Every structure is written in C-alpha cells, then in structure tokens.
Amino acid sequence: MANKKNLLLLFENPGEPVFTQKGTNNAVFDVPSRFLDDRYQSIGAEIQNRFSDDAGERIPVRDIQPPNLDNVGLKQLGKQENFSVFIPKHRKLASALSDIFLKARDIDHLQSLAVYARDRVNPQLFNYALSVALLHRPDTKDLDLPLFIESFPGKFLDSRSFVQAREEATVVPQGSRRPIVIPRDYTASDLEPEHRLWYFREDLGINLHHWHWHLVYPFEASDINIVRKDRRGELFYYMHQQIIARYNFERFSNNLPRVVPFNNLRTTIPEGYFPKLDSLVASRAWPARISDASLRDLNRQADQINLQISTLERWRERFLEAIAQGSVVNQNNQRMALDENTGIDVLGNMMEASILTPNPNFYGDLHNMGHVAISYQHDPDHRHLESFGVMGDSATAMRDPIFYRWHAHIDDLFQQFKERLTPYTQEQLSYPGISITGIQLQPDNGRTNLISTFWQQSDINLAKGMDFVPRGDVFARFTHLQHLPYTINIQANNDSGAPRLGMVRVFIAPKFDERGQPFSFRDHRRFMVEIDKFVANLRPGQNTLKRRSVQSTVTIPYERTFRNLDARPTGNQEQAFNFCGCGWPHHMLIPKGTPQGLQSVLFVMISNYEQDRVQQDLAGTCNDAASYCGVRDRLYPDRRAMGFPFDRINRQGAETLQSFLTPNMGIVDVSIMFNDRVAGPTPRN
Ligand code: CUO
C-alpha cells in the first residue's frame, strides 16, 4: 500500500508537472506513461529518466483506468484561471473533484487518481479538492496538510519579493541564502487612512485562518455529512461576527471609527484597494479597485454568472422578512420556525449559502454573490478578460477594506434576529453560589493589567511555492504584530458547599466608543472579542484560577502559523503535534492598542458547566481553536449560544456592562500599549 504521506507531496510546486522532484529527499512519482499530460506523452521515458536519475526516492504509482475528468466538466476551468469557492460554477467543480478523491477505494487508488488529475485540472482547484478529501477521508484525516501559503505564496506576499527570491535561489547556494525581507507596509501610503490597518488585513496568519475555515466548512459536497457539521450556520455567523469585533478594536487602536457597513449596494465604495499580488500559478496580477468605484450588474458567461444588484437586494429583503416573521419557507412551501436555539443556525446556512440552505431559489446566495459582485466590479461583463479581485478568494478577501464593510452588513442582518430574542434573565446568567471577587491580568514582564504589543519578524519558506527554480529553502521575512504573554488570575468564591465545575468565558473590548464616550450595553456587546474559554474546578471556598494567554481556545499557536514542516518531531511526538490549521493566529490575539495605552475592559464569566457541557470525548482531536473553528468530527463543545452572554441584548435595567454583571461575572480595566519596536524571529524548536 502506498505511503499516504506521499500524497502531501502533490501539493508542492503546483505549477510544475507531477513528475518533477518533490520533498526534502527529492522524491519522484513513477508516473504510468498513459497518465502523462498530452504534452509529455511522446517524450515520457526521456523525461522520467531525467527527473528520476538522481531522485532520493521513487514512489510507485499504480496504473489504473483513468477517470474521465471531462465528464464532470473539470476541464472547463483552465489551468491558468483563478479559482474561487464563492463562484457557484467553481464550487460545483471542486465538489465533483473532491468527490472523485473521496470515493477512492484505498490510498493506492487515491494516489493514482490524484497523480492523474494533478496536471490536468486547475492547480488551485486541485489543491482545494484534494485538501477537502484528505481532511474528510477516514484513512487520511490524520495527515497534516502543508501550509497553504507554502503552495501559493503569491496569494499572501508582495509580488516583488518573488523576483528577489528567484535571484537568491538561482545565484546563492543553499546554506548561504538570506531571507527576503518583505517591506513592512507596501500596499498604500499614509494618504489612505485605511492603510493604518495593513498589519491586520494583510497578516498571513489571519488570511490563512480564513482560507482554512472555509476549507473545513465547504459550501457544497455530494456527501452531505461533509457540509452538515454541527451548528455550522451559527459558526459562520459567529466566526465572522468576531472578525468584525476584532477589526473594530483594531480600528480604535488606529484612531479610526468603527467600520461602516456596506448596506447600500448602490453607493460608491470610497475605499480603493490595490493588492500588489501576483498569482504565481495563474501568472496574472490581481486586479485592483479604484476609490469611489461602484457595483454593477454582472454578465460573465465564462463564469456562468448573470447577476443583478437588484437580485442581491431581493434576497436580502427575503432574509429580513424571514426574521420579521420568525420563520422561513422551505422548498415545499412549508414554514419552519426560527426558534431561539436553532434559528441562528438556519439563518447562517441561508446566508452563507451552503447546500444546507432551506430554499436556495427563494433565499438565493446573498453572501457569496456579494463577494463575487464586489470582486468583479472592475470588469462586470468580462470585456477586459480580467479575473476577480481579492474579495473573490477566501485566501485573499480579508486584505481588502471592503471585506469588513460587507461582513459588517451581513452581521447587521444576523443581529436583527438576535435583537428580537428575549434577553437573558438574571437567573439564566448567574451561577448560584459562585462569585468572582477579583481579576488581574499579569504580563510575564511588566505592570499588572497592562498588555504590551510590538512588532515581530517571522520567516516563511517559499521553496515549495516557486516553480521552476533551483531546489532548497528560500525564506521570506515579514513583520507582524505580537504581544507579551500574560496570565489571567481570577479569584472565585464557591459558597455552594460542594465542588463545582465552571465554564470560564473571557472577553476583551474597548472601554469607550470612538468618541471617547461610555458604551451602552447594546452597543458594547458587539465589540466583545472572545479570547478564551475553559473549564475550571471550583473547590468550596476561595479559588484562584490561572490561565496563560497561550492557552487561548480561539487561537492556534504561533509555531503552527510559521512552522517548518520538515523540522517537525517524528514518531510518538508527532501524535501530540497533530492539528488542523484552522484557528485565529496567536500573534493576533490582542489588538495593537496605542502608544499611550488603549483603555479596554476584560470580562470574565463563570457559568455552570453542568448546563453548558456537551458529552463527548475530545481526546486526540485538534481542538485548540474550538471557539472559532469547532472540533473536527465532534459537536461544538459548548451548549450555549455562540458568543454567550453577549449574543443578545440586555434585560431591562442592565443598560451598561457594569449593570449587566451578575455575581459570577467580573470586569477589570486593562490597557493595551503598543511599543514601536521590532523583535526578531522566535527560534524554532
Ligand atoms: Cu468568510 Cu465572506 O465568508 O468570507
């Protein structure tokens, strides 16, 4: 049986043919000659010899009857086209290809299918479909997918850096190569106020998280179980809501007001965006959007897209009407109530819109087609033969300021539902016998209740993403935000007379609004950023709970974003290192703050774990960013509504955060202070 790890080699150098050397020991797939692309059929033997002569390893590939890729239309997307999960036609192709991989009998068969398909279909489509298949097949889901940025660095880094990287790789021998330093901010000047957020929007980890999230939650698959994951519609709402809360916090750190929702699709978009990215595989620059552009109706036959702005508006009306009526109409014309437990999940599925949407013809595809309309604004009828802008790709969308305006609008629509729910009562919020008497945030080095932020540089290996250059590592060094680690200490009293279990929920938010005024609870709740959630034992009497920042259940560790796959531990240790790549990057856990210190509030709540717990075994699962990503093959590990207790408006009399508090909650003022220094790369261990 084939070694399944070899499947991962197929992600490397996506623009090179399948038979070139791959991996650290220059492995070569022994490709059956009838598998070779037409271009290489006649010179197959010669080519195979050329690449396998000094190969470190030869990987046998079983000769099978090749699948008919034309049948399912897989050749409709050219190899140098761009690929987007937001475009219905592309989604269908991705689902068809992952289906082929998912149905493969065993690893041998899968390897043959993948080797055969690799040079025949669009490389981005191939990457997506094989990733979905490997994540969901029982026999491959323990594989660690290589970092997406390593295969497609062009989606993440300034196009200029690749010219330098090519030169370095070609001229300088391995061992003496220096990292290519990516300029700190290169996409705009200070004339553009939005550019102050470059470090957030263009962060590699944030964009990787978003790409991974949409990979873990595909919109479409012929096996419905791949799509129908526990509470996925609700998670779509919540994960994106949190992005907006985080973005607004970040805007306050830069003297910018909260993001303006893009709610009038007929107005111009003042925020232009020039991504300065090249798609290395598609060999084209990503299109830009000039300032004050506006959306136009789309008619692009090549993409099978014909979309009127009025259609988006109609879908939106129907979505709002469902909320107003408290029910949706399904395909059989039956009304389904939107109740307080599952209503948000149904709405999330409708908005996203995955194949779980209850009535696709009626409720349409507002969220995805909004991405598409924005991303094709520069060439709505394809007369210039241009592809989509960054909003069209889940790996690049978060670079563009309009992403946040669009999702702020989407979030407003969801909140219309949330605001109609009966506020939580004091009884629902409290935990009899449990009270919080003190909270301190203790940084590893420095003043209590002060979080320090600064710049850090990290390296990423470009070698597997640059095609047709000499082998060996070439690193790009880029600058990102970082914070000093800290510990949160919580003093909690248990007067219940017996040991108790508590679910500790930790949020952080700005203390004042953009005018420096105190928030009302109704406004404040939407700025609450979840930074941790954990279970604690509460002995009778006084307890001190300690929690480290690096334990956060919304983030994945720094090393996972910037890991060096080849330097990973092997054998038994590997088990402990297994993970999925979905999760907010740890270096972006805390917003930048200001040089004077941004006044913020840290909120802690201990709720009754006996009520919140979901009975399941989490051993061996990758669950360290469970709050934003869920847990693979498991239920969402918290029975409460996502964002609890801030997912609803306040009860009467609790008009501020302070008056909202029940004894099992507490707040403390913290300051986030930015220091304009650059720390070096964290040594890899
Ligand atoms: Cu994640 Cu709009 O869903 O980008």
Side-chain angles (χ1 to χ4, degrees), residues 82-88 90-91 94 128 131-132 148 155-156 200-203 205-220 227 229 231-247 259 261-263 265 269 273 275 286 289 295 307 312 315-316 319 344-345 347-357 363-377 388-415 554 581-585 588 625 627-630 642:
N82 229 338
F83 165 77
S84 166
V85 290
F86 297 124
I87 297 177
H90 295 194
R91 281 210 295 274
Y128 181 83
S131 301
V132 168
F148 185 64
K155 290 183 193 247
F156 299 87
F200 185 92
R201 288 189 279 99
E202 290 157 9
D203 183 77
I206 284 183
N207 282 286
L208 280 168
H209 160 68
H210 189 241
W211 174 80
H212 227 288
W213 195 93
H214 284 284
L215 179 74
V216 179
Y217 292 97
F219 300 93
E220 187 164 334
V227 182
K229 296 193 168 98
R231 293 167 74 181
R232 75 163 280 163
E234 182 180 6
L235 193 54
F236 171 77
Y237 135 77
Y238 181 60
M239 198 285 289
H240 290 86
Q241 185 274 333
Q242 285 288 292
I243 288 177
I244 299 305
R246 287 178 170 276
Y247 188 63
V259 61
F262 185 52
N263 55 11
L265 308 181
I269 302 169
Y273 187 66
W286 285 79
R289 184 183 60 257
L295 302 192
L307 175 76
L312 293 175
W315 289 337
R316 180 171 60 188
F319 187 84
I344 188 68
D345 195 43
L347 289 169
N349 290 331
M350 270 161 67
M351 174 60 79
E352 198 181 354
S354 72
I355 52 169
L356 303 179
T357 182
Y363 295 113
D365 198 0
L366 176 61
H367 158 259
N368 295 329
M369 293 317 274
H371 272 269
V372 171
I374 293 166
S375 73
Y376 277 138
Q377 165 282 326
F388 47 79
V390 291
M391 263 296 266
D393 185 334
S394 61
T396 54
M398 289 185 72
R399 309 177 83 83
D400 189 333
I402 192 67
F403 173 92
Y404 305 89
R405 295 197 55 205
W406 178 236
H407 270 281
H409 177 49
I410 303 275
D411 192 50
D412 278 352
L413 302 178
F414 283 125
Q415 297 297 343
V554 300
C582 186
W584 194 254
M588 296 303 286
S627 284
Y628 287 178
C629 294
M642 297 181 196

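Everything numeric here is computed off the predicted structure, so don't read it as measured data. Throughout, numbering of the chain's residues begins at 1 and tracks the sequence. Just so you know, ligand 1 is whichever comes first in the structure, and atom 1 is the first atom listed for that ligand.
Take atom 1 (Cu) of ligand 1 as the corner point: the lines to NE2 of H214 and to NE2 of H240 open at 110°, to the nearest 10 degrees. The NE2 atom of H371 and the NE2 atom of H367 subtend an angle of 90° at atom 2 (Cu) of ligand 1, given to the nearest 10 degrees.
Atom 1 (Cu) of ligand 1 has an N, O or S atom of H210 inside 2.8 Å of it.
Taking the six-membered ring for Trp and thresholds of 30 and 60 degrees, F156 and F148 have ring planes more than 60 degrees apart, a perpendicular arrangement.
Residue contacts with ligand 1 include F403, since one or more of its heavy atoms lies under 4.0 Å from the ligand. Ligand 1 lies less than 4.0 angstrom from a heavy atom belonging to F236.
A ring-centre distance under 6.0 Å is not found for H367 and H409.
At least one donor-acceptor pair closer than 3.5 Å links the side chain of R232 to the backbone N or O of Y217. With hydrogens and angles ignored, the 3.5 Å screen pairs no side-chain donor or acceptor of N349 with any backbone N or O of L356.
Closest of all the heavy-atom pairs between Y628 and M239 is O-CG, 3.4 Å.
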Check against ring-ring contact (aromatic ring centres under 6.0 Å, His included), W406 and H240 | CA-CA 11 Å; W406 178 236; H240 290 86; over 10 Å; no
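Numbered from 1 in the order shown, with element, the atoms of ligand 1 that lie under 4.0 Å from a heavy atom of F86 read 4 (O). Set against the non-hydrogen atoms of H407, the atoms of ligand 1 under 4.0 Å away are 2 (Cu), 3 (O), 4 (O).
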